[in-house]
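When a ligand or atom number is given, it counts from 1 through the structure's own listing order.
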Amino acid sequence: MINFVTTNPGKVAEAREYLGEPVEQFEFDYPERQATDLATVAAHGARAAYRHVGEPVIVDDSGLTIDALGGFPGPYSSYVEDKLGIERVWELARAEDDQSGAFRAVMAYCDGESFEATPEPVDTDRRGQDIAADERGEATTDEQVDDEAIPVRLFEGVAPGTIVAPRGDGGFGFDPIFEYDGQTYAEMSTEEKNAISHRGRALAKFAEWYGSADR
Ligand code: ITT
C-alpha cells in the first residue's frame, strides 16, 4: 500500500487508476519549502511526509507554465488557481500571440530506506545549495543534515499543450483550459489523461521503478 500525501483528491484518483497497487490519500499539508523548482519542493515534501506518516509515501508537486507569460504561473500554480481562477488565467493567455504551455509534475517517493544507485536526480539541487552554503561558511543545522540523509527518489513528467477557453467537466484544477491534441484534459477520461499527461508520465516512471527488483 502506498500513501499519497496530498490535499488534492484529483491527483490520487489518477494514481489509483494508473498503479495496480492500492493507493490511500493521506491528507497532510506538508510544509512547502520556498523554492521555485518542483524537484526541490517535492523532495523536501516527501521527507516531511515520511517523517509524519512513518510509512512509504509519495508526494507530487506540479505546475502549469505558459510560455508567453515567462513561465507563469509555474511554482505559484496552486496560489493562482485559488486567487485568480482558471478563467482569468485563460484571459491572460488569450491576450498573447502564442498560447503554448506545459504541465510538469515531479513525484517523490520516500520510505526511509536507502536505494540502489539511480538514474533519476536525487534532490541534487538542494545538495548543491547546501554545499554552496557550506563553502560560504554558513551553518547547516543538525535538522537539515538529518533531513538530507533521508533518500528520496524523484520521477518527472512533462506534457506540452495549449491554453484554451475552458471546455469539459472532468478532472480538476486547470484541466478545462489545458488542451492536448485537440482535447482539453477535462474532456478526457482519467485513463485517457494518464496516457499523455505530465502526471501519467511521472507515474509510468515510478511504476517501472517500483515494480523492478533493483529498488
Ligand atoms: P498538494 O500540494 O496538497 O498535493 P495542490 O493541489 O496544492 O495539492 P500543487 O502544490 O502541486 O498541488 O499545485 C499544483 C497546482 O496545479 C494546483 O493548483 C493544481 O490544481 C494544479 N494542477 C496540478 N496538476 C494538475 C492537473 O493534472 N490538471 C489540472 N491542474 C493541475
Without placing hydrogens or testing angles, list every side-chain donor-acceptor pair under 3.5 Å for residues 82-95, not counting sequence neighbours.
| residue | atom | partner | partner atom | Å |
| --- | --- | --- | --- | --- |
| Arg88 | NH1 | Glu91 | OE1 | 3.3 |

Next item on the list: Over all heavy atoms of both residues, which pair between Ala108 and Val152 is shortest? Give the atoms and the distance, please.
Entry: CB-CG1, 3.8 Å
Note to self: Under the criterion side chain to side chain contact (heavy atoms under 4.5 Å, CB included), I'd like the reasoning laid out for Phe206 against Tyr18: C-alpha separation, chi angles, the key distance, then a yes or no.
What the structure shows: CA-CA 11 Å; Phe206 169 70; Tyr18 195 95; over 6 Å; no
Check: In terms of ring plane angle, is the pair His198 and Tyr185 parallel, tilted or perpendicular, where the classes change at 30° and 60°?
Finding: parallel
Check: Near ligand 1, which protein residues have a heavy atom under 4.0 Å away?
Finding: Thr6, Thr7, Asn8, Lys11, Glu32, Asp60, Asp61, Ser62, Ser77, Ser78, Glu81, Phe103, Phe172, Gly173, Phe174, Asp175, Lys193, His198, Arg199
Under 3.5 Å, which donor-acceptor pairs do the side chains of residues 161-178 form with other protein atoms, sequence neighbours left out?
| residue | atom | partner | partner atom | Å |
| --- | --- | --- | --- | --- |
| Arg167 | NE | Glu187 | OE1 | 3.4 |
| Arg167 | NE | Glu187 | OE2 | 3.1 |
| Arg167 | NH1 | Glu179 | OE2 | 3.2 |
| Arg167 | NH2 | Glu179 | OE2 | 3.2 |
| Arg167 | NH2 | Gly182 | O | 3.3 |
| Arg167 | NH2 | Glu187 | OE1 | 3.0 |
| Asp175 | OD1 | Lys193 | NZ | 3.1 |
| Asp175 | OD2 | Phe172 | N | 2.9 |
| Asp175 | OD2 | Lys193 | NZ | 3.1 |

For residues 66-80, tabulate all N or O donor-acceptor pairs below 3.5 Å that involve a side-chain atom, not counting sequence neighbours.
| residue | atom | partner | partner atom | Å |
| --- | --- | --- | --- | --- |
| Ser77 | OG | Leu64 | N | 3.0 |
| Ser77 | OG | Gly74 | O | 2.6 |

